[in-house]
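Below is one structure; the comments refer to it alone.
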Amino acid sequence: MFNSLSDRLASTFKNLRGKGRLSEADVDATVREIRRALLDADVAVSVVREFAAHVKERALSEEVSAALNPGQQVVKIVNDELVRILGGETRRIRLAKNPPTVIMLAGLQGAGKTTLGGKLAKWLKGQGHSPILVAADLQRPNAVTQLQVNGQRAGVPVFAPHPGVQSEFEAPTGDPVAVARDGVAEARAKLHDVVIVDTAGRLGIDAEMMQQAADIRAAINPDEVLFVIDAMIGQDAVNTAQAFNEGVNFTGVVLSKLDGDARGGAALSVASVTGKPVMFASTGESLDDFEIFHPDRMANRILDMGDILSLIEQAEKSWDKGEAERMAKKFVDQEDFTLEDFLAQMQQIRKMGSMKKMLMMMPGAAGMRQQLENFDEREIDRVEAIVRSMTPHERLAPKIINGSRRARIARGSGVHVSEVNGLLERFGQAQKMMKKMAQGGGIPGMPGMAGPGGFGGARKGKQVAKGKKKARSGNPAKAAQELREAEERRASARNALPTGAAFGQQQEEFDPSALNLPKGFEKFLGK
């Protein structure tokens with residue numbers, strides 16, 4: 001979503017590289033470009049004006065003029081200001097002292113409230129809670145059915161005493177306030193510790209909608225009111241957020257559709273304008289595409305610094321610890337890395353989600369965005385199909401895979417033989433690298449990391465190579481001549497060696513009796 005903004009800011013900061021001192025003109029030009037980039041990203045004008053003023057004030061202050069690298073210091077200032085307008089710090093759900101914790105979802109129709117209810121319920125269940133969904137949206141066609149489907153997929157019960165409207169031609173019936181109140185009572189009776197109430201939305205803000213939302217809030221007295229907003233709606237996000245803040249006084253914001261290709265100004269505006277923190281972000285269509293919103297990590301993503309912490313958390317959540325321990329033991333025991341292991345590792349990576357999303361979390365990913373956009377996620381499926389088309393013996397001993405076996409594997413996986421050849425070649429290289437690392441040889445192609453001690457291993461390898469004997473010639477006569485010459489050199493070296501002590505040539509034989517040793521001790525001196 002922030003691709004355009006990231007590119008604009010990156011090109012702006014390029015002009016600051018290598019400058020030992022920043023003049024006021026340099027700062028003005030940088031701030032002007034930052035202001036244009038934010039306005040192009042649909043950030044609210046009031047937010048842009050405040051942001052630019054803070055950046056300029058700090059860029060002209062002592063902290064930049066005294067810095068060793070003024071350009072990097074300006075980037076740090078921009079990063080700090082981005083974190084500030086995004087909310088400053090991570091805000092988590094405040095749980096009630098006496099369960100259940102009541103969470104109310106509010107927002108316009110089409111913002112993704114019902115889908116987000118299922119995502120939030122599944123996330124809370126994964127955190128060890130026992131949530132229940134309440135279907136209080138009785139006016140959007142099939143909203144109740146959609147929530148029931150999401151609840152089933154998330155493995156969470158849904159309280160839905162009224163079926164709601166089934167088509168746009170039906171008039172809404174039923175009392176959403178009563179459904180919400182009964183839902184909280186049901187949660188208390190069934191010992192659920194979290195209640196998520198899905199409320200109705202409209203295509204636009206109107207008095208009737210706000211009144212209904214206010215009545216539901218008054219009836220259930222929620223601990224959290226989450227305002228769900230479509231991150232793609234641009235400048236109108238600010239007006240909508242302000243209207244809902246006045247109407248229902250929400251406590252936090254949830255950004256949906258953050259994986260879209262819009263300019264993303266809503267995400268940078270809402271927290272600053274309303275003073276309410278962004279708590280969660282929805283980043284895809286799957287129920288698992290849901291994450292806590294960290295302002296500092298989002299600022300790092302915008303400035304193309306990566307988000308390694310989120311990547312690590314994602315890996316820890318989905319990685320099988322037993323499989324990781326098995327691979328670690330295999331690595332320590334210096335066992336061969338097989339195609340069975342390769343298949344198991346691929347399955348672990350697939351559990352983490354989209355490969356493209358994970359790669360975009362790496363620092364500097366913006367520089368290879370075009371390659372990442374062209375990356376085909378189905379490539380992993382093809383590789384897995386090739387490996388699964390092999391017999392168990394072939395996976396354990398890939399060297400037995402000859403031409404006929406490769407043709408059979410290609411037919412079984414629906415690919416060309418060249419793709420099978422390419423996979424086996426890459427796997428062979430990976431196997432060699434794993435073996436070299438297990439033996440303490442470091443990573444091939446990285447001289448600084450060679451050898452068991454890390455640095456300097458390459459130099460040691462060269463010294464060992466120097467000490468190797470020169471290979472004899474293949475000509476028998478010449479080889480015999482070389483052998484004689486080598487014998488002569490060894491003989492002359494032996495004659496040149498001094499006899500006796502290491503500190504000089506001994507002139508006479510050593511007599512142990514001169515030492516006055518105890519009787520029988522001569523045997524220890526070889527006498």
Side-chain angles (χ1 to χ4, degrees), residues 1-6 38 40-44 47 82 85-87 103 105-123 137 140 142-143 146-147 149-150 153-154 196 198-205 225-244 250 252-274 276-295 297-299 301-302 307 310 314 353-354 356-358 360-361 365 369 372-373 377:
M1 169 158 283
F2 298 108
N3 290 350
S4 175
L5 178 60
S6 297
L38 292 172
D40 285 346
D42 258 350
V43 180
V47 177
L82 278 174
I85 68 170
L86 286 169
I103 301 172
L105 303 181
L108 292 177
Q109 185 173 310
K113 290 191 305 301
T114 305
T115 303
L116 190 113
K119 292 182 176 184
L120 179 59
K122 186 173 183 181
W123 181 81
D137 183 357
R140 182 171 66 84
N142 292 312
Q146 183 186 353
L147 190 67
V149 170
N150 286 335
R153 288 167 57 199
I196 303 170
D198 180 31
T199 64
R202 298 286 197 284
L203 294 175
I205 302 166
V225 179
L226 301 183
F227 171 54
V228 184
I229 187 167
D230 185 343
M232 300 174 68
I233 66 174
Q235 288 282 350
D236 197 45
V238 175
N239 300 330
T240 307
Q242 286 176 325
F244 270 91
F250 58 80
V253 179
V254 180
L255 293 171
S256 65
K257 307 177 188 176
L258 203 61
D259 58 322
D261 57 357
R263 289 172 287 185
L268 299 176
S269 305
V270 172
S272 182
V273 170
T274 63
K276 303 296 173 67
V278 179
M279 294 175 61
F280 297 101
S282 174
T283 57
E285 296 180 2
S286 168
L287 290 184
D288 294 317
D289 294 331
F290 179 79
E291 59 187 40
I292 297 175
F293 187 87
H294 299 279
R297 299 183 192 180
M298 184 56 68
R301 289 190 203 182
I302 292 171
D307 188 359
S310 293
Q314 199 171 340
S354 170
K356 198 179 293 186
K357 285 183 181 177
M358 287 190 289
M360 285 303 294
M361 290 184 186
R369 186 178 297 128
L372 291 177
E373 290 297 330
E377 297 275 358

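Below, each value reflects all heavy atoms present in this structure, side chains not excepted, and no hydrogens, waters or symmetry copies.
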Geometric class of the F280/W123 ring pair [parallel <30°, tilted 30-60°, perpendicular >60°]: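 Answer is perpendicular, since the angle exceeds 60°.
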
Can you tell me how far the [atom1] atom of [X] sits from the [atom2] atom of [Y], to the nearest 0.5 Å?
{"X": "L38", "Y": "I85", "atom1": "CG", "atom2": "CD1", "value": "6.5 Å"}
{"X": "L255", "Y": "L116", "atom1": "CG", "atom2": "CG", "value": "10.0 Å"}
{"X": "M279", "Y": "H294", "atom1": "CE", "atom2": "NE2", "value": "12.0 Å"}
{"X": "F227", "Y": "K276", "atom1": "CZ", "atom2": "NZ", "value": "11.0 Å"}
{"X": "D137", "Y": "L147", "atom1": "CG", "atom2": "CG", "value": "9.0 Å"}
{"X": "D198", "Y": "R140", "atom1": "CG", "atom2": "CZ", "value": "7.5 Å"}

Compare every heavy atom of [Y] with every heavy atom of [X], then report the nearest pair and how far apart it is.
{"X": "N150", "Y": "T115", "value": "ND2-CA, 3.6 Å"}
{"X": "L287", "Y": "R153", "value": "CD1-CB, 3.6 Å"}
{"X": "A281", "Y": "F293", "value": "CB-CD1, 4.2 Å"}
{"X": "D230", "Y": "A111", "value": "N-CB, 4.1 Å"}
{"X": "A44", "Y": "S269", "value": "N-OG, 2.9 Å"}
{"X": "K119", "Y": "S282", "value": "NZ-OG, 2.5 Å"}

Should the pair K122-D288 be classified as a salt bridge under the 4.0 Å nitrogen-to-oxygen rule?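 Salt bridge: yes.
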
Check whether any side-chain N or O of T199 sits under 3.5 Å from a backbone N or O of L105 as a donor-acceptor pair, and report yes or no.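 A pair under 3.5 Å: yes.
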
Within the structure provided, determine whether V278 and L86 are in side-chain contact (heavy-atom separation under 4.5 Å). no

Decide side chain to side chain contact (heavy atoms under 4.5 Å, CB included) for L120 and V254; before the verdict, give the C-alpha distance in whole Å, the side-chain angles of both, and the deciding distance to 0.1 Å. CA-CA 10 Å; L120 179 59; V254 180; over 6 Å; no

